[in-house]
Structure formats: structure tokens, C-alpha cells
Number of protein chains: 2
Amino acid sequence: MPPLQSATPTTHADEGEGLHFCSTCAFSSACIDAGYDKPTLRDLHVMVEHVGPYHAGEHIFRTNDPFRALYAVRSGAVKTLTVDTDGSEQVLGFYLPGELVGLNAIYPKRFPCDAVALESSQFCRFSFSAISALATRMPMLQQQLFRMLSRELGMASRLAGDHSADERVAAFLTDLAQRFAAQGFPARYVHLAMTRNEIAEYLRLASETISRILGRFRNQGLIRVDGRDVEIIDSEQLNVLAHHILAG
Amino acid sequence: MPPLQSATPTTHADEGEGLHFCSTCAFSSACIDAGYDKPTLRDLHVMVEHVGPYHAGEHIFRTNDPFRALYAVRSGAVKTLTVDTDGSEQVLGFYLPGELVGLNAIYPKRFPCDAVALESSQFCRFSFSAISALATRMPMLQQQLFRMLSRELGMASRLAGDHSADERVAAFLTDLAQRFAAQGFPARYVHLAMTRNEIAEYLRLASETISRILGRFRNQGLIRVDGRDVEIIDSEQLNVLAHHILAG
DNA sequence: GAATTACCATGACCCAGGTCAATATTGCGA
DNA sequence: TCGCAATATTGACCTGGGTCATGGTAATTC
């Protein structure tokens, strides 16, 4: 088998002077071209605090930490997870560059989960009180926050549905491919920053099931697999499988 | 067995003149006593449109309807649900008086689910563009919207966890009891506005499983069941079972 | 109040996916 | 380069909960 092209996202912030934001910033699309005046944009810009790098396995925050800020991924990848009383872990989500971590902490005012870097990662840290104060002056920013919350809600509901293991894995790959594509990577190549076990904890399956299904998808010619690099061969068929779960 | 006391919530709006809101309104707690001046409160008040009654089985909105407004339940009960391609239904949530329906529609700009009245129900309808515009002038209102979105996100994540059928049913009863209690009803009595089948579609179980587990809980002395009226006998034990799922 | 229909309960059986176990394989540190 | 530890794969077997079937009960309708 020929080696697969790696598709690890290593996108970084545009750190030029002036008012350039991270090219992948969760807020940039909504705000930059919304026609805000310079001073307002500057307010948003100066509130950003760049933090990291956090290395693989390091915590960005922990369950019950007081919620003060949202984290936008600049580079790397993160998982959020809860540990229930019997010690089993549930992965709530994986976050790629440009995505926003911590939205589920607004209500309880404390983080209801841990966030752990899957690989060396950097973040933009937004004080929540500052950004929500600013949002009262920037309706587009408020809208963007509402949208991101609502979008994450939709994702969680879809994940909660009862779907077969095949559907779950297909939807997982398809979703990741789309998110890579949103970063400008070819949607054909997906790099898994997480272990099979973490995928399993996310999809509520056993890690053995992940292995078996990836193996079967490979045998069926839907994908090619080389460790954590996946090449999508038959996205058509994968989409059919995933169809039940992904946004309609 | 003695008849169980019914606990159907029939709470209604306080419709007095002046600036009285529905006593159970999703916004009242955050806004009324936040010290806003009369004119601002009036803005919130006049934007409310009372709609209904919708009778059992009637749709409040349907999948793909353009999203224009949020609905706060004034009386009755609602379910939201999706139907996937093979015709099977997934219940996303049940909503009681004081709760807000439609938050998951903000991002896609269309409702991603149907909303159906479980019993005769009335609503306060809030134009979303109006309420988000107002939220820029009322930070407490903005916060309240953020909180409700974040809270619903947390609920969805918890429901998505992989838990045994016993845990799910115990958590379901406990959660409902708490929400009844929040309306001023005794937490001991829970009225199920929905069928066993709808509970099953919500908890991703088969309706037979719901019947069996309610039966077993009854035999174990945890609850008493009379049709759709449930009396919680051993909330302690039920909480232990539910513990994994409910908010920590 | 009889008939129809929806809903509910419970038993018998089955299967998707979990668990346990035995190897591969990969990555990493010295 | 070796060795250890973490991952991944694959097989054998088991079980929680699904499915199907049957009968009971409550609510509507005529």
C-alpha cells in the first residue's frame, strides 16, 4: 500500500500587526467582514489572550474549574470528557482549529468536563464576561455565539440518537472530513488525532468495535487506513451510511 | 391500591395589566428582578405573543419551517422529535410550563425538528430577531439566553451518554420530578403527559423495556404506578440509580 | 354501551455489540 | 538499537435490551 498523505492540521494564527485575527478564528467569519468600525474590532482583538502550547495529555481545564473563558483552538486538537463515578470516561467532543471549547460551561458556571490536548495545541482565550459584554455592542458577535451554541446543541442531539455502530463510525469519519475541509484540507484525507479508544468513548462503543468496523470499511473499499491516517475512497457510500445522523 | 393524586401542571399566565409576566416564564426570573426600568421591561412584554391552545397531537412547528421565534410553554406539555428516513421517530425533548422550545433552531435557521403538543397547550411566542435585538440592551436577557442554550446542551450531552436502561428510566423520572417541583408541585408525584412509546423514543429504548422497568421499579417498591401517574416512593434509591446521568 | 382503537404489560426468543483474551504493532526513551 | 508500554487487531463467547407475539385495559366514537 502506498503511504497515505498526512493531513494533520497545523494551521496557525496570522500574527501580523494591525487587526488580523487567527485565520481560523471562530469569530472572524462573523465579525471581520460585518463592517464593524476599527475601534470595536480592536476591542475584540485586544481581549484575546493566546495560551499554550499544551502538550498531548495536558489539561486545558478540569471539571469543576470555575468558568471564566472560552477557548478557541488555534492549532492542534482537543477532547472534552467526563468521568463518571465508576471511572469510565465519556468523550463529549473533539475540537479542531477554529472551533470553540467551553460553551457547555456557561450555564453551570463551572466546567462540566475536562479538556485535554490530543497533540501539542495552542488556543485563543476569550474572557466570557468580556466577550458577552462586547456582544451587547456587536450584534453580529452575539448572533455568532448564539449560532455556535445552537449548532453544538444540534450535534449533541444527533449523537444522542440510537444508531448502529456502522452509522456512527461512518458519520464520525464524514463529519471529521467536512471539518478538515472547512480548514482548507482535502476532504479526502483525515488524520485521527485520537486513539481508537477515544473514538469509542465518543461514539459510545467499544474500542474493539471501532477496530472491527474500520477493518470492515477497509475490506469493503470504503476507506484506506494507515494507523491514524484515513483516506476516504467512497465518500458517497459513507455518506449513505452516515445519512441518518448528519444534519439533514 | 389507593388512587394517586394527579399532578398535571395547569399553571397559567398571570394576565393582569401592568407588567406582569407569566409566573412560569423562562425569562421572568432573570429579567423581572434584575432592576430594569419600566420602558425596557415593557419592550420585552409587548413582544410576547400568546398563541394556542394547541390540542394534543397538533404541531406547533414542523421540521424545515423557517425559524422565526422561540416558544415558551405557558401550559400543557410538548415534545420535539425528528423522523429519520426509515420513519423511526426520535424524541429530542419534553417541555413543561416555563421551558423554552426552539433553541436548537437558531443555527440552522430552520427548525430541525417537529414540535407536537402532548396535551392541550398554550405558549408565549418570542420573535427571535426582536428578542436578540433587545438582548443587546438587556445584558441579563442575553445572559439568560446563553444560559438556557448552555443548559440544554448539557442535558443533551448527558442523554447521549451510554447508560443502562435502568439508569435512563430512573434519571428520566428524577428529572421530571425535579421539573415538576420547580413549578411548585410536590416532587413526589409525577404525571407523564407522554406515552410509554414516547418515553422510549426519548430514552432510545423500546417501549416494552419502559414497561418492564417501570414494572420492576414498582415491584422493588421504588415507585407506585397508576397509568400515567407515578408516585415516587424511594427517591433516594432512584437517585442512586440515576446518579450517573443527572447533573453533578 | 358496543365497537373500535390506542395504549400497556409480559413472555419467548434473538442479535448487535460488549467483554475477555491472545497477539500484533507502533512509538518512544535511554 | 533495544526494550518497554501504549495502542491496535482479531477471535470466541456472552448478555442487555430489541423484536415479535399475545392478551389486557382504557379512552373515543358511534
Side-chain angles (χ1 to χ4, degrees), chain A residues 1 3-4 6 8 55-57 79 86-91 116 118-120 161-170 172 191-220 223-230 241 244, chain B residues 1 3-4 6 8 55-57 79 86-91 116 118-120 161-170 172 191-220 223-230 241 244:
Chain A
M1 184 194 292
L4 296 177
S6 170
T8 314
H55 299 289
K79 65 172 174 178
D86 63 4
S88 70
E89 299 191 355
Q90 299 267 328
V91 170
V116 177
L118 295 173
E119 54 193 48
S120 192
D162 74 334
H163 304 284
S164 71
D166 282 22
E167 285 171 345
R168 283 171 188 274
V169 174
F172 175 71
H191 176 76
L192 307 175
M194 68 297 287
T195 67
R196 302 288 192 269
N197 192 47
E198 286 164 333
I199 298 173
E201 285 167 352
Y202 176 62
L203 298 180
R204 334 286 148 161
L205 297 167
S207 63
E208 292 91 332
T209 303
I210 306 296
S211 276
R212 279 189 254 267
I213 289 175
L214 287 179
R216 206 173 60 252
F217 283 0
R218 173 169 37 69
N219 293 340
Q220 293 170 344
I223 57 176
R224 211 182 304 174
V225 183
D226 176 17
R228 296 200 184 171
D229 290 307
V230 175
L241 279 171
H244 292 272
Chain B
M1 184 194 292
L4 296 177
S6 171
T8 311
H55 299 290
K79 65 172 174 178
D86 64 3
S88 70
E89 299 190 355
Q90 298 268 328
V91 170
V116 177
L118 296 173
E119 54 194 47
S120 192
D162 72 335
H163 304 283
S164 72
D166 282 22
E167 284 171 347
R168 284 172 188 274
V169 175
F172 175 72
H191 175 75
L192 306 176
M194 69 296 290
T195 68
R196 303 287 192 267
N197 191 47
E198 286 164 333
I199 299 174
E201 285 167 352
Y202 177 62
L203 299 180
R204 333 289 147 156
L205 297 168
S207 62
E208 292 92 332
T209 303
I210 306 296
S211 279
R212 279 189 255 267
I213 289 176
L214 287 179
R216 205 173 60 252
F217 283 179
R218 173 171 39 67
N219 293 340
Q220 292 169 346
I223 58 177
R224 211 182 304 174
V225 182
D226 176 17
R228 297 200 183 171
D229 292 305
V230 175
L241 279 172
H244 291 271

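Everything numeric here is computed off the predicted structure, so don't read it as measured data. Keep in mind that the numbers below use all heavy atoms, side chains included, and drop hydrogens, waters and symmetry copies. Below, chain A is the first sequence line, B the second, and so on; all start at residue 1.
To the nearest angstrom, C1' of D/dT9 lies 14 Å from CG of A/D226. Between the CG atom of A/N197 and the C1' atom of C/dT19 there is a distance of 14 Å, rounded to whole Å. Taking atom CG of residue B/L192 and atom P of nucleotide C/dA6, one finds them 21 Å apart after rounding to whole Å. Spacing between atom CG of A/D166 and atom C1' of C/dC15 amounts to 14 Å, rounded to whole angstrom units. Regarding B/I199, its CD1 atom lies at a distance of 18 Å from the C1' atom of D/dG18, rounded to whole Å. Note: CG (B/L118) to C1' (C/dC7) measures 15 Å, nearest angstrom. We find that CZ of A/R204 is positioned 12 Å from P of C/dG18, with the value rounded to whole Å. A straight line from CG of A/L214 to C1' of D/dA8 spans 10 Å, rounded to a whole angstrom.
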A correct 5'-to-3' footprint of nucleotides 25-30 of chain D, with B, S and - meaning base, sugar-phosphate only and no protein heavy atom under 4.0 Å, is ------
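Rounded to the nearest 0.5 angstrom, B/S120 OG and B/H55 NE2 are separated by 5.0 Å. Here the CD atom belonging to A/E201 is positioned 10.0 Å from the CG atom belonging to B/D162, to the nearest 0.5 angstrom.
In this structure, A/R228 does not reach the D/dA6 phosphate: none of its side-chain N or O atoms is under 4.0 Å from OP1 or OP2. An OP1 or OP2 oxygen of D/dA8 is reached within less than 4.0 angstrom by no side-chain nitrogen or oxygen of A/S211.
Evaluation of atom-type donor-acceptor distances gives no pair under 3.5 Å for the side chain of A/R196 against the base of D/dT10. Side-chain atoms of A/R212 and base atoms of D/dG11 include a donor and an acceptor less than 3.5 Å apart.
Projected onto DNA chain D by closest heavy-atom contact, A/G227 and B/T209 fall at different nucleotides, the more 5' of which corresponds to A/G227. Residue A/G215 is the one, among A/G215 and A/D162, whose nearest nucleotide of DNA chain D lies closer to the 5' end (criterion: closest heavy atom).
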From CA spacing to verdict: side-chain contact (heavy atoms from CB on, under 4.5 Å), B/Q90, B/R204: CA-CA 8 Å; B/Q90 298 268 328; B/R204 333 289 147 156; 2.3 Å; yes
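Test B/E167, B/R168, B/E198, B/H163 against B/L203 for side-chain contact (heavy atoms from CB on, under 4.5 Å) and you get one pass: B/R168.
In this structure, of D/dT19, D/dG17, C/dG17, it is D/dG17 that holds the atom nearest to the side chain of B/L205. Counting only heavy atoms from C-beta on, B/T195 has its side chain closest to C/dC7 among C/dT19, C/dC7, C/dA12. For B/E208, the listed nucleotide lying nearest its side chain is C/dT10; candidates were D/dG17, C/dT10, C/dG17.
Between A/R228 and A/H191 the shortest side-chain heavy-atom distance falls below 4.5 Å.
Checking A/N197 against A/E89 by side-chain atom types alone, no donor-acceptor pair falls below 3.5 Å.
By the 4.0 Å N-to-carboxylate-O rule, B/D166 lies close enough to B/R216 to be salt-bridged with it.
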